[in-house]
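Notes follow the structure.
Numbered from 1 within each chain, the chains take letters A, B, ... in sequence-line order. Predicted model, so just to flag it, every value in this text is computed and none were measured.
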Protein chains: 2
Amino acid sequence: MDNITLKMLAKELNLSTAAISKALRDSHEISTHTKQRVQELASRLNYIPNAYAGSLRRRKSKTIAVVLPEVADSFFSLAINGIEAIAEQKGYHVLIYLTHENFSREQAILKDFQSGRVDGVLMSLTAETASYQHVCDLHAKDIPLVFFDRVCEEINTAKITTDDFESGYKATQHLIDCGCKKIALLSISNYLAISNRRLDGYRQALKDNNIKNSPINIYCGNDNAVNYRFIQRIMSDKERPDGIVATVEKLTTDVYLVCKELQLSIPQDLKIVSFSNLSSADILNPSLTTITQPAFEMGKAAAVILFKALEKKSFTLRDENYTMPSELIIRGSTVLQK
Amino acid sequence: MDNITLKMLAKELNLSTAAISKALRDSHEISTHTKQRVQELASRLNYIPNAYAGSLRRRKSKTIAVVLPEVADSFFSLAINGIEAIAEQKGYHVLIYLTHENFSREQAILKDFQSGRVDGVLMSLTAETASYQHVCDLHAKDIPLVFFDRVCEEINTAKITTDDFESGYKATQHLIDCGCKKIALLSISNYLAISNRRLDGYRQALKDNNIKNSPINIYCGNDNAVNYRFIQRIMSDKERPDGIVATVEKLTTDVYLVCKELQLSIPQDLKIVSFSNLSSADILNPSLTTITQPAFEMGKAAAVILFKALEKKSFTLRDENYTMPSELIIRGSTVLQK
DNA sequence: GCTATTTACTTAAACGGTTAAGTAAATTAT
DNA sequence: ATAATTTACTTAACCGTTTAAGTAAATAGC
């Protein structure tokens with residue numbers, strides 16, 4: 001079945017395509033009577049304008065992209081919800097692109113955006129991302145770009161983060177307060193600004209408490225099986241940590257499983273705090289102490305700023321940092337529950 | 001900075017835009033020497049073709065859509081990975097659209113697809129979806145459509161599911177084998193075919209074991225707070241179930257939390273089996289017995305079929321059902337662990 | 001009653017590619 | 001040596017909209 005086009009409506013009503021187009025956009029140049037006829041026919045034939053034709057002509061697509069490492073992380077899935085809540089109000093489409101923590105995918109996706117496919121971009125970098133030419137290239141094309149969480153500090157644009165230094169500090173201090181002497185920080189990136197901020201906070205807390213020789217900044221990769229063996233090795237060592245700050249949700253599962261396997265009990269033998277928004281934190285064995293970020297609100301905030309840029313004719317996204325607080329929620333993985 | 005267009009390249013090299021276009025697509029009509037000049041200039045100026053112009057002319061976008069209820073469910077996030085693995089091989093873009101279990105969003109999204117925005121669609125229905133006109137409309141436009149998991153039986157196209165009847169049966173039989181006498185099934189939809197298949201399997205198992213008066217098919221909605229109170233009420237009743245089959249991952253968290261609150265112990269007071277792909281099933285308190293679907297493979301299978309349709313000139317997606325087996329993984333929520 | 005303005009359109013040129021059809025020059029065939 | 005074919009392009013139409021510019025008729029202004 002062939003699609004209905006403006007031209008077909010025009011022929012049917014003996015009008016020009018211009019008249020139809022204007023009638024459908026409720027232009028004052030068209031008489032009320034004609035508008036009615038056009039709208040009636042359009043809805044009767046279920047006319048749906050071709051998305052590409054319109055976007056090509058207007059050089060705007062009413063579409064934004066969200067570029068994320070993955071979706072199997074509660075932070076990102078909540079952030080998406082925040083973004084979509086705003087986009088829906090604004091009548092924009094939201095396209096979700098996943099990098100799977102893969103730098104070359106991120107490059108390819110951003111390059112594609114230079115084709116004008118989307119009007120604006122919200123993104124969180126890959127853990128691998130250590131160079132920024134692809135981001136610069138996109139930014140140079142004047143496509144509004146807002147970072148959230150895994151921001152790119154090198155680009156002058158708006159960025160939404162949480163208080164990562166403070167969170168790293170808070171998590172570490174909490175473990176120290178619980179009696180930990182040897183605290184490890186599990187990270188998935190040596191490049192990401194937020195990882196480094198969390199690491200800085202962790203280091204500062206150790207320093208302020210005069211703790212030395214802690215096995216600092218243990219780096220995990222993107223392969224779960226490898227991470228598991230790695231954590232296994234760390235926890236098998238007789239110099240094993242008695243506290244862990246997991247900067248990423250998914251590492252926590254591995255830690256729990258390793259402890260189960262090695263018959264180490266949490267929180268007696270090991271205490272752990274994880275950056276996480278998992279609703280199941282409460283029902284883990286034991287329940288998980290978390291640093292919980294305001295994921296939904298961060299998504300919303302990022303979207304709001306992006307739309308400010310999109311709706312202004314002379315847009316300028318300045319180099320702004322918005323920091324939102326995250327929360328330490330103490331549960332059974334650091335404090336023995338009744 | 002203005003974008004580079006074919007026209008600009010043409011002017012620069014004193015060729016027609018047609019020549020440039022053909023050179024870039026490596027046409028035999030263009031001399032090797034000219035091709036080289038064109039390609040050299042194009043890559044030097046970082047020429048990126050306008051996505052809308054090409055798609056408009058070719059009436060193909062090399063883009064497929066994945067329409068999902070949500071992404072905060074391990075089944076869907078894994079299925080996406082399977083889909084993207086195939087799409088990447090084929091050089092297609094994947095756009096993810098979320099319905100948030102909202103029927104009118106689903107309608108709006110499918111309607112939009114009639115604009116030719118995507119070449120094909122993979123989808124899982126909303127829990128609310130009880131009428132199918134919007135799906136018929138899309139299907140009538142000859143846009144290839146493949147369902148996975150939450151399929152629409154009323155539409156003649158390819159469908160990928162798991163053995164939902166058998167899974168419902170298996171889960172129920174397992175609870176019966178563990179001694180349950182009063183088994184509830186928690187569902188989020190009275191409309192979805194897969195919900196009904198699971199329910200049928202559950203009923204059959206009860207029947208085969210001569211169990212009557214089980215509180216059949218308890219319906220939960222999309223609001224977590226409401227679900228929580230609802231489950232709370234059920235579990236507070238003195239006629240409360242001693243076994244639960246949760247047909248959806250997210251309901252499990254509520255059940256665990258309610259039991260914690262009411263000081264009911266799992267599996268002594270209540271045994272529960274949940275449809276879930278959560279990697280954290282193992283570290284819950286207690287670990288969770290699951291029916292686990294081959295989510296990644298289902299995504300792959302759905303994508304493979306869709307691409308068969310997309311790549312054939314005279315495509316026909318027949319009314320086919322592909323059923324893949326899911327697996328019962330017995331853990332601590334039904335059997336007391338050592 | 002004649003000019004100025006408004007109304008309600010139409011025409012045609014974009015947007016940035018792709019492609020069918022045409023063509024001049026070079027090559028091959030006979 | 002001439003016709004047939006191949007090579008390497010160009011021209012122009014087209015995809016389906018939007019929109020600037022043009023226009024004829026109706027209305028308003030004085």
Side-chain angles (χ1 to χ4, degrees), chain A residues 1-39 41-42 45-63 112-119 141 313, chain B residues 1-39 41-42 45-63 112-119 141 313:
Chain A
M1 185 173 102
D2 240 27
N3 264 317
I4 311 292
T5 64
L6 272 193
K7 211 178 287 182
M8 293 161 72
L9 296 183
K11 185 184 283 180
E12 188 76 16
L13 293 175
N14 247 315
L15 288 167
S16 68
T17 60
I20 306 288
S21 174
K22 287 173 181 165
L24 292 173
R25 332 190 98 246
D26 202 29
S27 158
H28 64 96
E29 290 179 51
I30 305 294
S31 72
T32 321
H33 175 244
T34 304
K35 275 185 204 167
Q36 273 172 3
R37 288 175 63 220
V38 172
Q39 273 148 12
L41 183 70
L45 297 185
N46 193 29
Y47 166 71
I48 293 170
N50 181 292
Y52 294 116
S55 297
L56 175 60
R57 177 61 228 238
R58 270 183 293 184
R59 316 172 110 260
K60 280 277 166 290
S61 58
K62 280 253 175 190
T63 302
D112 179 58
F113 291 166
Q114 292 187 44
S115 75
R117 189 183 292 275
V118 296
D119 297 345
K141 296 263 174 174
K313 50 247 124 266
Chain B
M1 185 173 100
D2 241 25
N3 264 317
I4 311 290
T5 64
L6 271 194
K7 211 179 288 183
M8 293 162 72
L9 297 183
K11 186 184 284 181
E12 188 76 15
L13 293 176
N14 248 314
L15 288 166
S16 67
T17 60
I20 306 289
S21 175
K22 287 171 182 166
L24 292 173
R25 332 189 98 246
D26 202 26
S27 159
H28 64 95
E29 289 180 51
I30 305 293
S31 71
T32 321
H33 176 243
T34 303
K35 274 185 204 168
Q36 273 172 2
R37 287 176 63 218
V38 172
Q39 273 148 12
L41 183 69
L45 298 185
N46 192 30
Y47 166 70
I48 293 171
N50 181 293
Y52 295 116
S55 297
L56 175 59
R57 177 63 225 243
R58 269 183 294 180
R59 313 170 115 259
K60 280 279 165 292
S61 59
K62 281 256 174 186
T63 302
D112 178 59
F113 290 166
Q114 292 187 44
S115 74
R117 189 184 291 275
V118 296
D119 297 345
K141 296 264 173 171
K313 49 248 123 268

How many Å lie between CD1 on B:I4 and P on C:dG17, as a whole number?
10 Å
For atom CZ of A:R117 and atom C1' of C:dC15, their distance in whole Å
17 Å
Rounded to the nearest 0.5 Å, what's the gap from OG1 on A:T17 to NZ on A:K7? Could you check?
8.0 Å
Could you state the atom-to-atom distance from NZ of B:K60 to P of C:dT19 in whole Å?
12 Å
Outer limits of DNA chain D sitting under 4.0 Å from a non-hydrogen atom of chain A, read 5' to 3', are D:dC15 to D:dA21
Name the residue closer to the 5' end of DNA chain C, choosing between B:K22 and B:P49 according to the nucleotide with the nearest heavy atom.
B:P49
Note: for B:L56 and B:A19 on DNA chain D, the residue whose nearest nucleotide lies more 5' is B:A19
Distance from A:Y47 atom OH to A:L41 atom CG, nearest 0.5 Å?
11.5 Å
Without decimals, in angstroms, what is the distance between B:R58 CZ and C:dA20 P?
13 Å
OG1 on A:T34 to CD on A:Q39, rounded to 0.5 Å
10.5 Å
Does OP1 or OP2 of C:dT18 have a side-chain N or O of B:R25 closer than 4.0 Å?
yes
So, is B:Y47 near the phosphate of C:dG17, with a side-chain N or O under 4.0 Å from OP1 or OP2?
yes
What nucleotide, of C:dG16, C:dT18, C:dA12, holds the atom closest to the side chain of B:R57?
C:dT18
5'-most by nearest nucleotide on DNA chain C - A:T17 or A:K35:
A:K35
Rounded to the nearest 0.5 Å, what separates atom CG in B:L45 from atom OG1 in B:T5?
10.5 Å
Base, sugar-phosphate, or nothing for A:S31, non-hydrogen atoms under 4.0 angstrom?
sugar-phosphate
Say you draw a straight line from CG of A:L15 to OG of A:S21; how long is it, rounded to the nearest 0.5 Å?
12.0 Å
Taking C-beta and beyond as the side chain, do A:T63 and A:R117 meet within less than 4.5 Å on heavy atoms?
no
Drop me the distance from B:R37's CZ to B:I20's CD1, to the nearest 0.5 angstrom.
8.5 Å
Tell me what B:S21 touches on the nucleic acid: a base, only sugar-phosphate, or nothing, going by heavy atoms under 4.0 Å.
base
Go nucleotide by nucleotide along DNA chain D from the 5' end; which of B:R59 and B:T34 gets its closest nucleotide reached first?
B:T34
Can you tell me the distance, in whole Å, between the CD atom of B:E29 and the P atom of C:dA25?
19 Å
